[in-house]
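First comes the structure, then the notes that go with it.
It should be emphasised that the depicted structure is a prediction, and the values quoted were computed from it without experimental measurement. Throughout, protein chains are lettered first and strands after them, A, B, ... in sequence-line order, and every chain is numbered starting at 1.
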Amino acid sequence: MKKVAVAMSGGVDSAVAALLLRDSGYEVVGVTMSLGVDPVAGEKSKCGGLRESADAGDVCRVLGIPHRVVDVSSDLESKVIGPFITEYLRGWTPNPCVICNRLIKFGSLLNRVLNWGLDGLATGHYARIEKDGGEWFLRTPKDLRKDQTYFLHALPRKILPGVLFPLAEYTKNQVREIARKAALPVSDKSESQDICFIPRGGCAEFLHDRGVRVEPGEIVDQTGKIIGRHRGIACYTIGQRGGLGISSPHPLYVLAIDAARNRLVVGEKGELKSGGLIADRVNCLVGAFPEVAWAKIRYAHRPAKCRTRYREGSLTVRFDEPQEAVAPGQSVVLYDGSTVLGGGTIRQGE
RNA sequence: UGGGGCGUCGUCAAGCGGUAAGACACAGGAAUUUGGAUCCUGCAUUCGGAGGUUCGAAUCCUCCCGCCCCAG
């Protein structure tokens with residue numbers, strides 16, 4: 001592999017990824033995905049906006065590599081945003097980043113890049129790809145604090161040979177240091193970003209603008225007693241505490257979302273535990289799921305030991321220790337040590 | 001309008017003459033490539049109102065207002 005594209009978001013990580021590849025002898029092209037949305041004045045810039053695209057361009061200039069912008073807005077709309085809205089209607093909590101990685105970044109963008117005649121696509125993800133005994137694996141990076149494999153579990157296994165994660169061996173601090181030393185214009189940009197296609201107003205407003213009925217409804221306790229009102233189901237997710245507006249001796253959390261009745265069921269923290277879950281849209285990154293594995297049910301979740309069963313497209317996970325706030329729509333990702341085994345989309349906790 | 005009880009932050013609630021706990025909610029921040037969790041900070045110059053007693057009252061007294069209960 002000699003000629004590669006680096007997906008550049010306009011942030012530090014992808015900038016350093018490009019730098020590292022360039023310095024290790026690759027012929028590098030910077031590619032930035034455009035979502036076709038202009039940032040609102042004064043709003044914090046977001047992935048996919050003009051501002052970020054310009055930053056990426058600046059970095060490429062400093063690095064002396066070409067920069068191309070690819071418009072993925074219609075793809076994003078149909079493959080990510082559409083399903084995102086549909087899932088909210090069902091009372092689920094989608095994870096658009098997982099879908100985007102699979103279908104956009106490592107889907108249409110990767111294809112585009114390959115069509116340009118390049119050999120592969122790199123990103124600034126903190127993750128690792130390794131060839132081991134003739135097989136390719138997705139593994140956790142050196143900086144486990146930043147491990148982003150959770151968001152990458154849905155990549156098709158067969159594309160792994162064409163994917164590079166140059167930051168696999170670096171910590172976030174080292175990355176920033178490298179950026180600073182190289183005087184990259186983005187070296188001290190801030191870390192976080194929310195969902196890239198959700199503008200300032202927040203999720204509820206976005207959904208409303210997209211025609212989703214955001215109707216207030218009842219909040220009930222586990223006995224069915226009405227104890228409050230919610231602002232619309234799409235504003236909540238399982239395990240959520242804030243935003244209920246109900247005072248109680250102990251904090252209340254969303255236990256379940258009943259989309260059919262437009263209701264929220266709430267209860268105390270202890271009630272959030274689930275012994276297991278069922279997932280579908282399963283992606284396997286190894287030959288087969290082992291019976292014992294470690295599962296993450298959210299980003300930044302310490303993997304929980306579990307037993308797995310995969311049958312007819314459905315993955316059943318039983319935790320050794322019950323886990324908190326299993327949320328349909330979120331991903332469950334299975335690990336064996338540093339190896340990502342794959343995962344799926346949670347359909348229900350149980 | 002006979003008798004009894006109660007009115008302290010949005011809610012629940014300590015306080016019982018010495019200068020307004022706490023919890024929940026809420027707001028802001030930290031953290032974070034989803035949504036959440038979590039953590040930190042803030043949040044009644046004032047105790048239904050008006051007088052009075054006292055060096056000093058949310059705490060004692062008086063009247064008024066508003067609730068609740070038992071009687072009628």
Is it the case that A/Arg68 places NZ or CZ above or below the six-membered ring of A/Trp116, under 6.0 angstrom from the centre and within 45 degrees of the axis? yes
Mind checking if [X] touches a base, just sugar-phosphate, or nothing, with heavy atoms under 4.0 Å?
X	result
A/Gly242	sugar-phosphate
A/Gly124	nothing
A/Thr93	base
A/Tyr150	base

Side-chain N or O of [X] less than 4.0 angstrom from OP1 or OP2 on [N]?
X	N	result
A/Arg241	B/C24	yes
A/Arg145	B/U32	no
A/Tyr253	B/U38	yes

When you compare [N] with [M], how far apart are their [atom1] atoms, in angstrom units rounded to a whole number?
N	M	atom1	result
B/C65	B/A30	C1'	47 Å
B/G51	B/C12	C1'	32 Å
B/U59	B/G18	C1'	11 Å

Between A/Glu77 and A/Arg210, is there a side-chain N and carboxylate O pair less than 4.0 Å apart? yes
